[in-house]
There are 2 protein chains.
Amino acid sequence: MQDVEEMTPLATPEGAVAEQPIFRDDEGELNQDFLAAVTDAIEASDSESLQKLVEDFHESDMGDLLEALEPDQRPRLIELLGSAFDFTALTEVDDAVREEILEELETETVAEGVRDLESDDAVTILESLDEDDKAEVLDKLPPMERVALQRSLDYPEDSAGRRMQTEFIAVPPFWTVGQTIDFMREGSDLPETFYEIFVIDPSGHLLGAVALDRLLRSKRPVTIQEIMNDAPDLVQATQDQEEVARLFERYNLVSAAVVDEERRLVGVMMVDDIVDVLEEEADADIKALGGVNSDEELSDDVFYTQRSRFPWLFANMCTALVAANVINMFQESLERMVALAILMPIVASMGGNAGTQTMTVAVRALATRELGRANAWRIIRREAAVGLLNGLVFATIMGTLAGTWFQSVELGFVIGLALISVLMFAALGGIFVPLTLNRLGVDPAVSSGPFVTSITDIVGFFSFLGIATAWFHL
Amino acid sequence: MQDVEEMTPLATPEGAVAEQPIFRDDEGELNQDFLAAVTDAIEASDSESLQKLVEDFHESDMGDLLEALEPDQRPRLIELLGSAFDFTALTEVDDAVREEILEELETETVAEGVRDLESDDAVTILESLDEDDKAEVLDKLPPMERVALQRSLDYPEDSAGRRMQTEFIAVPPFWTVGQTIDFMREGSDLPETFYEIFVIDPSGHLLGAVALDRLLRSKRPVTIQEIMNDAPDLVQATQDQEEVARLFERYNLVSAAVVDEERRLVGVMMVDDIVDVLEEEADADIKALGGVNSDEELSDDVFYTQRSRFPWLFANMCTALVAANVINMFQESLERMVALAILMPIVASMGGNAGTQTMTVAVRALATRELGRANAWRIIRREAAVGLLNGLVFATIMGTLAGTWFQSVELGFVIGLALISVLMFAALGGIFVPLTLNRLGVDPAVSSGPFVTSITDIVGFFSFLGIATAWFHL
């Protein structure tokens with residue numbers, strides 16, 4: 001981990017070894033000594049030292065610092081830094097941390113901090129306030145900003161409208177390149193960063209876009225109309241951010257116009273926000289597959305975490321009870337042959353693992369849109385064949401082992417047959433369950449796990465104990 | 001799914017409903033009729049119709065089409081399209097698909113196709129060739145390009161050097177804004193897209209960077225030196241792409257200079273490649289947690305898939321055998337009390353699920369660098385407390401159920417105690433295993449699963465059967 005190291009400006013251009021910023025240790029984590037110095041300064045209410053300690057901080061370094069501090073020190077730090085604190089840092093911390101901090105701050109301080117932000121960052125912060133505070137903060141903002149933010153907030157949660165930046169450059173098509181460049185040279189209220197300028201008609205409808213490199217390569221007298229791309233990449237403000245992220249990914253976009261239902265330009269989506277969306281989505285899938293709520297965060301407290309994990313464990317308990325009932329059906333067989341009790345968890349766990357493998361591949365491929373109607377049958381056939389093959393392989397291995405262990409060739413055959421059937425079922429369950437849930441409009445990442453493991457448990461116990469009972473006439 | 005719909009250029013700017021491209025169906029997948037038309041044209045070797053069918057295609061549409069075709073039709077399509085085929089499309093398909101296609105194509109065709117590509121795309125294709133073909137293709141390229149590509153290929157796999165684009169604009173610091181803009185207007189060999197220009201000294205050392213919007217906003221007589229950022233974002237060519245991706249994510253970068261060990265500018269990393277890296281990485285974590293090799297692809301064949309999944313299942317079989325041996329220790333207890341055999345899988349499966357929950361959160365937080373030394377103890381304490389709480393809750397529920405089912409208050413107590421202990425162990429295993437593996441330099445996503453589930457199985461069976469044996473003097 002030398003990431004931070006590599007980002008540090010080098011003192012001399014020739015081959016100098018990159019210097020570690022003082023606030024990060026070798027592994028790129030915040031330095032314990034540095035953290036102690038910050039904590040001391042907060043306890044001593046020493047704003048001056050604090051401001052000095054964090055003067056070279058990027059907003060995401062500040063975010064890391066906030067998360068590393070104890071909860072009660074976070075708002076204290078912000079108050080002590082005063083206007084030296086860039087509220088953008090609050091967009092770099094977990095939702096739960098942000099909400100906690102904002103609850104402690106004066107509305108006045110929040111309004112002051114939000115005023116200087118890019119609109120997308122301001123929206124992220126406003127979203128974390130409760131309704132009363134949000135209204136109060138909005139009230140304290142200049143009318144123009146208030147209207148723009150209010151409009152973003154009116155779009156549905158997780159839509160492009162919420163994530164877009166409302167600062168952009170739009171010019172009429174008849175302007176020349178020279179006029180446009182002069183306008184940008186004189187403009188004071190330009191967005192902080194931009195990669196394309198937009199072309200609109202007098203009512204604000206999007207006509208096209210010009211990438212900055214295109215603009216730079218064109219001669220001054222050329223009109224914008226001549227160089228504009230009249231089929232620019234665009235998204236609807238109401239479109240879900242995940243869909244927008246897939247578009248950026250598919251077409252390698254860096255920014256895209258956001259339009260309303262009348263195709264009026266209302267904002268611009270930037271790739272750095274898309275990177276965050278993709279990470280959030282991957283996070284949600286990983287957590288869902290592991291039986292954790294997708295909005296669980298590292299900063300959640302014990303009781304919240306316990307409550308959020310309870311339903312998954314409860315669902316698992318219910319399916320485990322069903323499996324126990326299946327075992328119960330074979331009570332007499334178990335009494336007559338205790339080897340069955342010893343071996344049955346092996347069959348169930350092999351099935352569970354094989355099912356999880358197939359399910360993982362299927363869920364991820366559905367999420368990235370790699371699995372669709374065009375190739376579903378091909379994948380189902382492949383999984384069934386893999387299940388059969390692995391069934392045969394493990395039937396041979398496990399059959400031999402169990403036969404030797406319990407000195408019974410017949411028991412070896414029984415566990416072998418059970419493994420073949422459970423691995424086949426696991427493969428089919430692993431692919432059909434996510435496909436079906438997806439077809440029904442249910443997120444397969446969230447719901448496939450319990451279904452697949454209960455199928456494999458039940459099939460595992462039933463086939464092993466059933467085959468054994470039939471074979472040995474128990 | 002209306003993603004593609006939204007991307008289509010609209011005929012009229014005012015509120016027209018976006019039109020679906022003919023080659024996509026309502027869900028954004030490739031249209032079956034369209035696919036049939038392409039297949040027919042391939043069978044009939046009808047290049048003209050083919051070229052017409054795909055004339056509006058973006059490279060990633062072409063990638064989707066290639067993946068949707070049967071394997072033997074893919075190289076045929078490319079040959080029939082001839083120079084109308086943009087080889088960039090080959091960077092949009094799975095590695096396995098790309099390798100298969102390239103094996104079938106003439107080296108001449110590949111060399112011709114690679115010549116027109118951006119360097120990073122060319123490298124991706126060259127990486128997929130075997131050594132002989134790679135050398136042959138390189139031989140057929142113009143010397144300048146060959147040297148640049150060879151240099152990229154000399155960097156380690158998955159390093160920034162392999163992913164970077166070697167086309168960039170670099171100017172001396174004493175140039176003026178006007179000179180620079182004129183240079184770009186006249187330049188014919190400029191990169192396809194760029195977001196910043198670089199400033200270098202006569203030996204190619206990186207001095208700074210100027211974002212395009214900054215350049216556009218500056219007056220013509222201003223020198224580059226005055227407006228350049230002399231601490232530009234940079235990465236080392238040998239740096240791992242994952243680290244580079246975390247940097248882009250942390251500092252919201254769109255491009256970054258790539259330098260060699262002497263700080264000479266050798267290329268530029270672009271955010272669209274970073275988006276792919278982040279997706280690959282999330283993919284790898286998801287698959288590893290699900291017990292699947294991270295390089296498994298949807299296009300892999302049955303035998304390859306079976307072989308790649310075998311080790312995980314084999315590892316699981318071994319730990320299941322250890323668990324079976326634990327059960328074997330309590331053979332007599334099981335014979336005397338069959339209820340234990342019926343209930344023991346519930347204890348093990350609750351433990352397995354709780355352990356997986358904690359492990360998933362820990363592994364993901366380690367991957368995104370959210371979990372580190374600063375907060376490890378806080379998280380360990382939280383997980384232990386959550387484990388204890390859920391243990392108490394499920395001990396009560398399951399104890400009552402089991403007590404009622406088997407008409408034995410004592411059995412209820414036994415399973416309750418076993419659940420408390422297994423859920424505590426699961427929580428601790430779920431956090432300590434990934435933390436320890438990470439400290440040892442092993443990827444926790446890949447290896448945590450088997451450890452955690454074997455711990456929970458063994459502890460589950462041992463504590464339930466052990467407590468029962470002691471309690472009932474079995």
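Protein chains get the first letters and strands the later ones, always in sequence-line order, with residue 1 at the start of each. Just so it is clear, the structure is predicted and the values come from calculations on it, not from any experiment.
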Legend entry - Distance in Å, B/Leu253 CG paired with B/Leu234 CG, rounded so as to fall on 0.5 Å steps: 10.5 Å
Inset, instruction - Select one option (side chain, backbone, both, neither) describing which atoms of A/Arg364 are under 4.5 Å from chain B's heavy atoms. - result: side chain
Legend entry - Separation between CG of A/Asn353 and CG of B/Leu313, rounded to the nearest 0.5 Å: 6.5 Å
Legend entry - Salt-bridge present (A/Arg246, B/Glu279; N to O < 4.0 Å): yes
Legend entry - Contacting moiety of A/Ala324, where chain B heavy atoms sit under 4.5 Å: both
Inset, instruction - Ignoring hydrogens and angles, tell me if any N or O in the side chain of A/Arg264 forms a donor-acceptor pair with the backbone of A/Ser203 under 3.5 Å. - result: no
Inset, instruction - Give, as side chain, backbone, both or neither, the part of A/Ala211 having an atom under 4.5 angstrom from any heavy atom of chain B. - result: neither
Legend entry - Among A/Asp457, A/Asn375, A/Leu278, residue most engaged with chain B (heavy-atom pairs, under 4.5 Å): A/Leu278
Inset, instruction - Side-chain contact test, heavy atoms from C-beta onward, threshold under 4.5 Å: evaluate it for A/Leu207 versus A/Asp230 and give yes or no. - result: no
Inset, instruction - Pick out which of B/Ile286, B/Val361, B/Val363 makes a side chain to side chain contact (heavy atoms under 4.5 Å, CB included) with A/Ile286. - result: B/Ile286
Legend entry - Heavy-atom pairs under 4.5 Å with chain A, option from B/Gly290, B/Ala323, B/Ala256, B/Ala354 with the top count: B/Gly290
Legend entry - Interchain contact, A/Ser218 with chain B, by part (heavy-atom threshold 4.5 Å): backbone
Legend entry - Gap separating the CG atom of A/Leu35 from the CG atom of A/Asp64, nearest 0.5 angstrom: 10.5 Å
Legend entry - Between A/Ser299, A/Ala68, A/Pro345, the one whose heavy-atom pairs under 4.5 Å with chain B are most numerous: A/Pro345
Legend entry - Closest-packed option against chain B by number of heavy-atom pairs under 4.5 Å, given A/Leu371, A/Thr356, A/Val275, A/Asn328: A/Asn328
Inset, instruction - Fit a plane to each ring of A/Phe310 and B/Phe394, take the angle between them on a 0 to 90° scale, and name the class: parallel (under 30°), tilted (30 to 60°) or perpendicular (over 60°). - result: parallel
Inset, instruction - Output the option from A/Arg307, A/Gln32, A/Glu335 having the highest count of non-hydrogen pairs under 4.5 Å with chain B. - result: A/Glu335
Legend entry - Partner chain A: residue of B/Val386, B/Leu216, B/Asn252 with the largest heavy-atom pair count (under 4.5 Å): B/Leu216
Inset, instruction - Name the region of B/Ala385, side chain, backbone, both or neither, that has any atom closer than 4.5 Å to a heavy atom of chain A. - result: both
Inset, instruction - Indicate yes or no: at least one non-hydrogen side-chain atom of B/Met184 is less than 4.5 angstrom from one of B/Leu215. - result: yes
Legend entry - Heavy-atom contact with chain B under 4.5 Å, split by part of A/Phe314: both
Legend entry - Which of B/Leu212, B/Thr360, B/Ile327, B/Asn316 touches chain A most, by non-hydrogen pairs under 4.5 Å: B/Asn316
Legend entry - Among B/Asn390, B/Leu389, B/Asp273, residue most engaged with chain A (heavy-atom pairs, under 4.5 Å): B/Asn390
Legend entry - Pairwise side-chain contact, A/Arg185 with B/Arg220, heavy-atom cut-off 4.5 Å (strictly under): yes
Inset, instruction - Identify which part of A/Leu289 has an atom lying under 4.5 Å from any heavy atom of chain B, answering side chain, backbone, both or neither. - result: side chain
Legend entry - Among A/Asp283, A/Asp272, A/Leu401, A/Val393, residue most engaged with chain B (heavy-atom pairs, under 4.5 Å): A/Asp283
Legend entry - Closest non-hydrogen atom pair between A/Arg263 and A/Leu206, with its separation: NH1-O, 2.7 Å
Inset, instruction - Using modelled atom types only, decide if a donor and an acceptor are shared between the side chain of A/Gln357 and the backbone of B/Gly291 within a distance under 3.5 Å. - result: yes
Legend entry - Exceeds 12 heavy-atom contacts within 6.0 angstrom, atom CD of A/Glu332: no
Legend entry - Within-4.5 Å side-chain heavy-atom neighbours: B/Trp405 and B/Ile342: yes
Legend entry - Segment of A/Val302 engaging chain B (4.5 angstrom heavy-atom cut-off): both
Inset, instruction - Using non-hydrogen atoms and a 4.5 Å limit, figure out which bit of A/Ile169 sits close to chain B: side chain, backbone, both or neither. - result: neither
Legend entry - Part of A/Phe194 within contact of chain B (heavy atom distance under 4.5 Å): both
Inset, instruction - Return the option, out of B/Val292, B/Ile181, B/Ile379, B/Val338, with the maximum number of heavy-atom pairs under 4.5 Å with chain A. - result: B/Val338
Legend entry - Which atoms of A/Asp300 approach chain B - backbone, side chain, both or neither, heavy atom under 4.5 Å: both
Legend entry - Any side-chain heavy-atom pair of B/Tyr251 and A/Asp61 under 4.5 Å: yes
Inset, instruction - Sort A/Leu343 into side chain, backbone, both or neither according to what part of it lies under 4.5 angstrom from a heavy atom of chain B. - result: neither
Legend entry - Most contacts with chain A, counted as non-hydrogen pairs under 4.5 angstrom, among B/Glu67, B/Glu383, B/Glu92: B/Glu383
Inset, instruction - Decide yes or no for A/Glu296 and A/Arg309: does some side-chain heavy atom of the first lie under 4.5 Å from some side-chain heavy atom of the second? - result: yes
Legend entry - Heavy-atom proximity to chain B below 4.5 Å, by part of A/Met270: neither
Inset, instruction - Answer with side chain, backbone, both or neither: which region of A/Arg214 has an atom nearer than 4.5 Å to a non-hydrogen atom of chain B? - result: neither
Inset, instruction - Give, as side chain, backbone, both or neither, the part of B/Met344 having an atom under 4.5 angstrom from any heavy atom of chain A. - result: side chain
Legend entry - Pairs of heavy atoms under 4.5 Å with chain B: top-ranked of A/Thr180, A/Asn325, A/Val244, A/Thr358: A/Asn325
